[in-house]
Amino acid sequence: MPFPRIATTVPVTVFNFPSFEPQRLESWSSKHLNLPLRRDILHLAVVYEGDNTRQGTASSKTRHEVHGSHKKMQAQKGLGRARVGTKQSPLRRGGGKSFGPKPRDFGTKITRKAYDLAWRTALSYRYRRGELLVCQDGMELPLPTDFEALLQRGGLHGGLRENGAELEAGFRAKWVKQVLDANDWGRKAGRSTFITSSHRENLFEALDLVPNWGRALDVGDVDVKDLLETGRIVVERDALMHMIESHQSDLTPNVFVTNATLPSKAVSGGIIVE
Amino acid sequence: MRRIPRLRRPSGLTSSTTKLSRPTAGPSNITPFSSSSQSQSQPTIASRSASRSTPSSSYPSNLSRFYSSQQTPTPEKATPVKATLVQEQQAQEPENPENPGNPENPGTDLQFKARIADEIEEDREWVDVEAVSEGPYTAPRPRVEAARADEVADPDYAPASSAAGLRTVGGLAGWWNRRDNWAARGDFVGFRPRDKVVESSLIEAAVRRAVIEVSALREIGREDDLIGVWPTTVSNGDLQGLLAWDLKRAEDGAVVLGGDAATVAEGLRWRDDEDGTDDYAALPEALTTDQAAALSQTWDPSWKTISLADHRIRFAVTKRVFQLTGQLVPDHQLTSITTVQTLLHVLKKPPKPATLTQELQKRHLDLLELPNVTVVPKRVTRGDKEIALGRFKLMQDEFKKRKIPAYGHGYARKGKEISRLRGGT
Amino acid sequence: MTIRALEKVSVGQNGIGAFILQCRKLDVHYCNQSGSSRGMNSFIKSQLSKFASLNPQIEFAVSPRPRKHPVLIGHYINGKHKSICVKNMDSLQILKKAELLRDASGDKIKRVNKPITSINESVRGVWSPYHGNGMAV
């Protein structure tokens with residue numbers, strides 16, 4: 001009886017940014033973008049990231065660190081009152097904290113393969129829900145030529161104007177809101193995260209102005225938690241390839257395999273329709 | 001005068017195509033990124049704002065209104081209201097130059113607030129500085145330094161001691177939200193239409209149109225264009241004629257078009273029309289649900305078995321459907337789409353209800369109809385009880401008498417003192 | 001034993017002539033997003049209509065309470081209310097909590113130390129030395 005065939009590749013449409021026009025169809029490995037949902041692995045990765053993000057700077061003074069003399073406040077016996085020692089006792093007002101927080105490192109560890117699996121599981125989860133949109137390389141927000149001409153003419157900053165920066169920011173904000181709302185990527189649709197392989201001036205600046213519409217991240221700043229927040233991920237193809245390639249340690253063996261008949265590592269990015 | 005291209009392309013069209021062999025339009029066809037305007041279904045601003053409010057946004061009748069805040073106008077509806085308000089005031093202004101400003105207390109009157117925020121009087125007799133505009137965008141006039149009171153040439157000039165009778169000059173807040181400063185043609189135009197098409201008959205019509213066009217191109221042999229972007233403007237009559245073609249699937253799986261493939265293929269080319277008689281206002285009407293339903297009766301059912309297994313065909317069809325309806329087929333469902341029937345099934349499936357209220361309205365009407373059950377779509381806030389009991393009307397009258405804002409903080413905005421304490425302005 | 005006429009005015013007790021359910025209103029608050037409200041959402045969809053139709057004396061108000069745990073609040077005739085947070089509960093467990101609220105009165109929960117609660121005096125009477133057959137010494 002033949003085995004039921006399970007697809008080894010999944011199709012990924014690459015869109016043009018910002019017009020959202022489908023440009024081509026690529027095939028990516030299902031070991032990269034179609035992993036089964038493992039909530040426990042995602043949980044491990046998110047908790048690990050959260051732990052390592054902790055600042056850990058909460059501090060308090062113990063009785064030994066609270067300022068003051070260490071004289072015995074009153075005689076041990078004979079007063080009829082409870083016995084007291086120093087005034088920094090944790091029982092007293094103004095005294096030290098018995099077991100208060102101290103600055104420490106809350107970081108935990110996770111195996112690299114588990115973390116990489118979690119990364120690709122997050123991407124797979126988004127892919128299967130249709131919330132992973134891949135755009136072409138060089139994903140930058142184009143501004144209207146008329147606006148750029150206006151800037152060059154000094155229309156916004158010229159004269160005795162002090163608030164030219166506000167006007168410019170207002171324009172960028174409105175423009176990026178229009179772009180996002182036209183594609184259903186904005187506030188009403190649950191915000192989007194844009195991931196690019198390097199810093200993009202216009203896109204990052206504009207999205208900083210409208211945090212309720214979306215946010216932009218460099219691929220080096222992305223976490224598993226970031227991949228699971230907001231309504232969708234709009235990622236540059238380059239950035240997605242970089243993410244996949246740097247998080248597939250559980251797929252690539254460290255040994256050199258000479259037998260060609262063994263299944264090779266997962267291949268992604270092949271073009272089906274150009 | 002620059003010749004205005006007739007067909008509107010989505011913004012960014014030129015950057016979408018990578019192959020040189022594509023039939024590139026000449027430089028006159030390529031509109032600059034921004035100045036292409038909205039595609040077919042919203043020719044004017046008024047119709048855009050009207051078409052944005054879908055039937056589902058009106059307050060449903062079987063949901064309770066008491067203990068919930070009243071329906072507030074959505075931002076899309078608010079801007080045309082504001083625009084007309086400003087226009088009315090600007091119309092009133094020249095008639096009433098002696099308007100000493102709002103005699104009522106600022107802060108309670110919304111009209112007054114709108115006037116303060118929106119009135120930048122650009123009276124051409126007042127200052128002769130040219131407006132700085134580039135295409136659809138207009139920047140504020142550059143500032144001009146006024147002469148000092150003792151240096152003014154006019155001997156009758158005396159500086160004002162109060163604001164009575166002066167033109168009010170506001171800030172530049174909301175500058176780009178005014179239609180004068182950001183024309184409609186400056187809006188962003190994407191690949192997909194603004195509003196998603198959700199009617200199943202219209203979706204079916206769009207799929208049929210896409211299948212016909214793709215098959216026509218395939219017949220002609222213009223394979224490269226399968227990946228390109230096609231224009232969407234076609235008249236209603238032509239569209240109906242196109243949809244009425246007898247599209248069939250032959251025994252061997254080949255597609256039998258009921259009409260001339262060459263004309264269809266020509267229609268899919270981007271073209272720059274020479275005649276200036278056609279302007280932006282002459283946009284074709286969209287297909288209505290009734291027309292689509294009527295047409296669907298005439299179709300041969302075998303068209304639904306047309307195979308979409310070929311990657312290029314499927315890509316072209318789904319791309320065209322996305323362009324026409326705004327419905328995108330998610331990537332992971334692409335492999336399961338082998339025929340037109342499966343594509344229709346995927347597209348017609350309504351999205352999961354976002355809130356519990358929507359789901360109750362759809363599937364659990366028995367709960368809503370119980371006489372002792374009240375379902376409220378929005379959070380019950382502290383003022384809702386007063387409003388429901390009718391006390392709030394009285395409270396509002398008393399507030400007015402005492403010149404206190406009924407909603408919010410009015411002119412005394414929250415947190416001013418705190419920022420000053422922290423070193424702010 | 002003496003036979004004494006019972007000098008009593010009839011006291012109304014809830015349930016003797018008529019029964020008035022003490023719970024007059026039940027607020028049902030849910031959240032669309034939070035995970036702790038999933039059981040409550042399924043309770044509203046599946047169990048609430050039957051429960052509400054079985055208890056027509058109670059007014060049910062279903063409203064969202066975003067970014068908060070789901071809660072059932074019962075309002076009683078004596079003006080008091082009782083709230084039960086039903087976070088992370090199954091819909092049948094929530095039904096049990098709703099029944100608990102329905103069956104309660106608004107009074108504070110009192111500790112019951114005696115086995116019997118009654119407004120009547122004891123049936124057999126309190127012992128008196130002057131009545132009865134006397135005691136043999």
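Lettering of chains follows the sequences in order, A, B, ..., and the numbering in each one begins at 1. Small disclaimer: the values here were computed from a predicted structure and weren't measured.
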Going through the checks in order, is the side-chain contact (heavy atoms from CB on, under 4.5 Å) test met by B:Phe191 and A:Phe15? CA-CA 10 Å; B:Phe191 179 72; A:Phe15 295 94; over 6 Å; no

Any chance you could lay out the side-chain contact (heavy atoms from CB on, under 4.5 Å) test for B:Lys319 and A:Glu21, step after step, and finish with the verdict? CA-CA 8 Å; B:Lys319 180 170 175 170; A:Glu21 176 218 331; 2.8 Å; yes

Given the rule in the side-chain contact (heavy atoms from CB on, under 4.5 Å) test, do A:Asn34 and B:His332 qualify, once you have shown the distances and angles that lead to the verdict? CA-CA 9 Å; A:Asn34 201 18; B:His332 71 287; 6.0 Å; no

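Remark: A:Glu229 pairs with A:Arg215, A:Lys225 by the salt bridge (charged side-chain N to carboxylate O under 4.0 Å, His left out) rule, at least two apart or across chains.
For the pair B:Phe322/A:Phe20, a side-chain contact is recorded, criterion being any heavy-atom separation below 4.5 Å from C-beta on. B:Thr318 has its side chain out of reach of A:Pro22: every pair of non-hydrogen atoms, C-beta onward, lies at least 4.5 Å apart. Here the side chains of A:Thr13 and B:Leu334 are in contact, with some heavy-atom distance below 4.5 Å.
Taking chain B as the reference chain and counting heavy-atom pairs below 4.5 Å, the highest number among A:Leu167, A:Leu25, A:Leu33, A:Leu133 is found for A:Leu167.
Residues of residues 113-127 of chain A lying under 4.5 angstrom from chain B, judged on non-hydrogen atoms, are A:Tyr127 by number.
Separation of atoms OH (B:Tyr137) and CG (A:Leu150) is listed at 10.0 Å; rounding is to 0.5 Å. Between the NZ atom in A:Lys177 and the CH2 atom in B:Trp176 there is a gap of 14.5 Å [rounded to 0.5 Å]. With rounding to the nearest 0.5 angstrom, the OG atom of A:Ser19 is 10.0 Å from the CD atom of B:Gln323. Atom-to-atom distance recorded for B:Phe315:CZ and A:Gln23:CD is 8.0 Å, nearest 0.5 angstrom.
For the pair B:Arg192 and A:Asp184, the salt-bridge criterion is met [side-chain N within less than 4.0 Å of a carboxylate O].
Panel note: side chain B:Trp182, backbone A:Phe171; no donor-acceptor pair is recorded below 3.5 Å. When atom types are taken as modelled, the side chain of B:Asp331 and the backbone of A:Val12 share no donor-acceptor pair closer than 3.5 angstrom. Distance alone, capped at 3.5 Å, is enough to place a donor-acceptor pair between the A:Gln178 side chain and the B:Phe188 backbone.
A:Gly130 and B:Pro330 get closest at one heavy-atom pair: CA-CB, 4.3 Å.
Heavy-atom contacts from other residues, nucleotides or ligands closer than 6.0 Å to NE2 of A:His199 number more than 12. Within a 6.0 Å sphere centred on CD1 of A:Ile271, other residues, nucleotides and ligands contribute more than 12 heavy atoms. Counting heavy-atom neighbours within 6.0 Å of A:Lys31 NZ, excluding the residue itself, gives a total of 12 or less. For A:Glu166, the CD atom is loosely surrounded, since the number of other residues' heavy atoms within 6.0 Å does not exceed 12. Around atom CD of B:Glu151, more than 12 heavy atoms belonging to other residues, nucleotides or ligands sit under 6.0 Å away.
For chain B, no part of A:Val10 is nearby; none of its heavy atoms comes within less than 4.5 Å.
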